[in-house]
Amino acid sequence: MLDKYSILIVEDIPVQAKKLQYVLQKLGHNVVWKEDGVLAYEELQKNSERYHLVISDYQMPNWDGIQLLEAIKLNDKLKKIPFILLTTIEDENIFFKSLQLGASEFLNKPYRQEELKLRCQNLILLYEYQSLIEKENQNLFNELLEKNQILEHKLAELSKTHTQLQQMQTDLVQASKMASLGTMGAGMAHEINNPLTIIKSYNSRLKAILDKEEFDKTRVDKINTSIDNAVNRIMSIVKHLKAFARNEKISDSERATIDINQLLSDLRDFYGGLVISNNITVSEQFFSGDYKLFGFRTVYEQIFLNLINNAIDAMETSPVKTLDISTELIDDNQKILATIRDSGRGIPKEIMDKIYDPFFTTKAPNKGTGLGMSLVRSYLKECNGTISCQSEPGKTEFFLTFPIYTNNSKDTKQ
Ligand SMILES: Nc1ncnc2c1ncn2[C@@H]1O[C@H](COP(=O)(O)OP(=O)(O)OP(=O)(O)O)[C@@H](O)[C@H]1O
Ligand SMILES: [Mg+2]
């Protein structure tokens, strides 16, 4: 380890310097000699990397040993070089001062050569190990820095991916909003088709009446009221579908008690024309008693109209065409069961699970959109109703149950 190190000797007495030089050179070191502190400091500044040890006398012209030590310890490039102070003066203050300033050793002259040699060797070795540790530390630090940079780079990439994912999520939410907007639009088109057809037919009746020179005012008023009702129904349907799409509730003040038997009879106005043109026999069987439903009339109307329209479609090619609509009281008069039965082609088992899916249809594209049953399911949620179905060729039954209105129904409504 101690191959060849450079030692700076600072000594104003040439004999002393030569003696020191001789001892150290014998150990194989390079020795440079300066005659006072100032010169020594200049040399150290010029060759800061070169020296492994400074051995300095205390008493010298210009800077003494303590001044040199102080200057070295204030210089970042030099402060780690080991420093031995040699002096003939046995002054405690100098001893403490030199230790306080960071001198590595303090030796009194005359020194024992063996001791000087050993102390020099120990200090140089220590310095060398320290330098090695520092270098190793620096390498580790650089490695850490490099790894840190890689990590920072990865972090930046991750954060970029995160931003991209967030953007994708926003896009997806937007896309799903657009999709539900599309479904809502299609749902509205589906549901207002029926009242629009009614308005159209009343309008042509109105025109026929008005074309005559004299017309019956009472008839015109009646038709006008029917058109008004149909328009109100459209407005109510649109309102409910918008509320469904936005997952909102419509104000309770618009809910009312509903006579289901009366409602089902009134619906004839809407599907009556179809029944006649398709030669369908309709039978109605209703429970008797003053039991009411509670909620939005339009919602109930749309549930039954969708089921009845499907029943009429299903019987298009049937030899026997019967539509049975019935209501009965069940569960100790706590619920109403409404049954819509048709003698149509039936629903195959394989598609029974799918009929409530939006846009599922077995009808021709210009005939069905596949939205009726999915809307029925949404409407049923609104009025706490349930639906089930039994079907075979020639007979399909839809069973619907609704809670009967009691005085506290309003309070228990969600
Ligand atoms: N009473 C029924 N008899 C036979 N099949 C039915 C009956 N009711 C529903 N279905 C089946 O369920 C499918 C879905 O019905 P849904 O009312 O949702 O849509 P759609 O009637 O096909 O179209 P849209 O209601 O938009 O005009 C129908 O295409 C049909 O195959
Ligand atoms: Mg339908």
Side-chain angles (χ1 to χ4, degrees), residues 1-89 93-109 111 113 115-146:
M1 194 83 189
L2 281 175
D3 307 332
K4 223 178 186 188
Y5 292 103
S6 295
I7 300 172
L8 180 66
I9 295 171
V10 196
E11 173 64 77
D12 58 329
I13 303 164
V15 184
Q16 299 276 357
K18 290 266 184 258
K19 193 177 147 199
L20 209 53
Q21 207 167 7
Y22 174 75
V23 177
L24 296 169
Q25 273 171 346
K26 257 184 96 179
L27 284 174
H29 301 310
N30 284 324
V31 183
V32 175
W33 168 40
K34 294 289 166 191
E35 283 162 296
D36 77 74
V38 174
L39 292 172
Y41 189 66
E42 275 171 16
E43 167 62 16
L44 283 168
Q45 273 186 312
K46 262 188 254 159
N47 300 302
S48 59
E49 304 274 309
R50 181 170 166 190
Y51 292 99
H52 300 86
L53 177 65
V54 176
I55 303 176
S56 172
D57 188 20
Y58 169 65
Q59 262 184 334
M60 292 179 294
N62 299 322
W63 279 5
D64 62 24
I66 291 289
Q67 282 173 302
L68 174 63
L69 175 63
E70 207 164 5
I72 288 175
K73 292 297 167 188
L74 286 173
N75 186 319
D76 278 345
K77 280 189 185 160
L78 307 175
K79 65 182 180 193
K80 283 179 188 151
I81 302 174
F83 190 99
I84 298 179
L85 189 70
L86 294 174
T87 176
T88 44
I89 304 167
N93 289 336
I94 297 167
F95 172 73
F96 287 126
K97 182 80 182 163
S98 65
L99 284 183
Q100 193 189 15
L101 287 172
S104 318
E105 298 285 358
F106 182 90
L107 283 179
N108 281 321
K109 291 184 196 170
Y111 49 81
Q113 277 196 21
E115 185 183 355
L116 179 86
K117 271 196 230 166
L118 286 171
R119 288 196 188 277
C120 285
Q121 282 182 7
N122 286 347
L123 285 176
I124 289 174
L125 268 179
L126 199 69
Y127 179 62
E128 191 64 8
Y129 284 138
Q130 268 172 356
S131 306
L132 269 175
I133 289 171
E134 266 173 29
K135 242 186 239 163
E136 198 52 37
N137 267 349
Q138 192 58 46
N139 286 344
L140 282 173
F141 180 73
N142 289 345
E143 219 174 284
L144 215 72
L145 214 67
E146 206 176 302

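No side-chain heavy atom of Leu118 sits less than 4.5 Å from a side-chain heavy atom of Glu115. Side-chain contact between Leu24 and Leu53 is absent, with no heavy-atom pair separated by less than 4.5 Å. Here the side chains of Phe141 and Gln138 are in contact, with some heavy-atom distance below 4.5 Å. Contact annotation: the side chain of Phe106 approaches that of Ile94 to within less than 4.5 Å [non-hydrogen atoms, C-beta and beyond]. Counting heavy atoms from C-beta on, the side chains of Trp33 and Pro14 come closer than 4.5 Å. Side-chain contact between Leu44 and Ile81: present, with at least one pair of heavy atoms (C-beta onward) separated by less than 4.5 Å. Contact annotation: the side chain of Ser56 never approaches that of Leu69 to less than 4.5 Å [non-hydrogen atoms, C-beta and beyond]. In this structure, Tyr5 and Leu27 have side chains that are not in contact, with every pair of non-hydrogen atoms separated by 4.5 Å or more.
At distances below 3.5 Å, not a single donor-acceptor pair connects side-chain atoms of Thr87 with backbone N or O atoms of Asn108. When atom types are taken as modelled, the side chain of Ser98 and the backbone of Phe95 share a donor-acceptor pair closer than 3.5 angstrom.
Between atom OH of residue Tyr129 and atom CD of residue Glu136 there is a gap of 14.5 Å, rounded to the nearest 0.5 Å. Here the NZ atom belonging to Lys80 is positioned 12.5 Å from the CG atom belonging to Leu126, to the nearest 0.5 angstrom. To the nearest 0.5 Å, atom CG of residue Leu140 and atom CD1 of residue Ile133 are 11.5 Å apart. In this structure, CG in Asn137 is found 10.5 Å from CG in Asn142, a value given to the nearest 0.5 Å. A distance of 13.0 Å separates CG in Leu123 from CD in Glu128, rounded to the nearest 0.5 Å. Between the CD1 atom of Ile7 and the NE2 atom of His29 there is a distance of 4.5 Å, given to the nearest 0.5 Å.
Nearest heavy atoms, Tyr58 versus Leu85: CA-CD1, 4.2 Å. Between Ala40 and Leu8 the shortest heavy-atom distance is O-CD2, 3.8 Å. Minimum heavy-atom separation, His52 to Ile124: O-CG1, 4.2 Å. When all heavy atoms of Asp64 and Met60 are compared, the pair lying nearest together is C-CE, 3.8 Å. Here the shortest heavy-atom pairing between Val38 and Asp36 reads N-OD1, 2.6 Å. Considering every non-hydrogen atom in both Pro82 and Ser104, the closest pair reads CA-OG, 3.4 Å.
Of the N and O atoms on the side chains of Tyr41 and Gln67, not one donor lies less than 3.5 Å from an acceptor on the other residue. Residues Glu143 and Asn139 have side chains that never bring a donor and an acceptor to within less than 3.5 angstrom of each other.
With respect to Asp57, the side chain to side chain contact (heavy atoms under 4.5 Å, CB included) criterion is satisfied by exactly one of Leu20, Leu68, Asp12, Val10: Asp12. With Glu11 as reference, Lys109 is the one residue of Lys34, Lys109, Lys18 to meet the salt bridge (charged side-chain N to carboxylate O under 4.0 Å, His left out) rule.
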* To do: Show your working on side chain to side chain donor-acceptor pair (under 3.5 Å) between Asn47 and Glu43 and close with a plain yes or no.
  => CA-CA 6 Å; Asn47 300 302; Glu43 167 62 16; 2.8 Å; yes
* To do: Start with the C-alpha gap between Trp63 and Glu70, add the side-chain angles, then the distance that decides, and say whether side chain to side chain contact (heavy atoms under 4.5 Å, CB included) holds.
  => CA-CA 10 Å; Trp63 279 5; Glu70 207 164 5; over 6 Å; no
* Could you walk me through whether Ser6 and Val32 pass side chain to side chain contact (heavy atoms under 4.5 Å, CB included), step by step? => CA-CA 7 Å; Ser6 295; Val32 175; 5.9 Å; no
* Between Glu42 and Leu39, does a side chain to side chain contact (heavy atoms under 4.5 Å, CB included) hold up when you go through it step by step? -> CA-CA 5 Å; Glu42 275 171 16; Leu39 292 172; 4.1 Å; yes
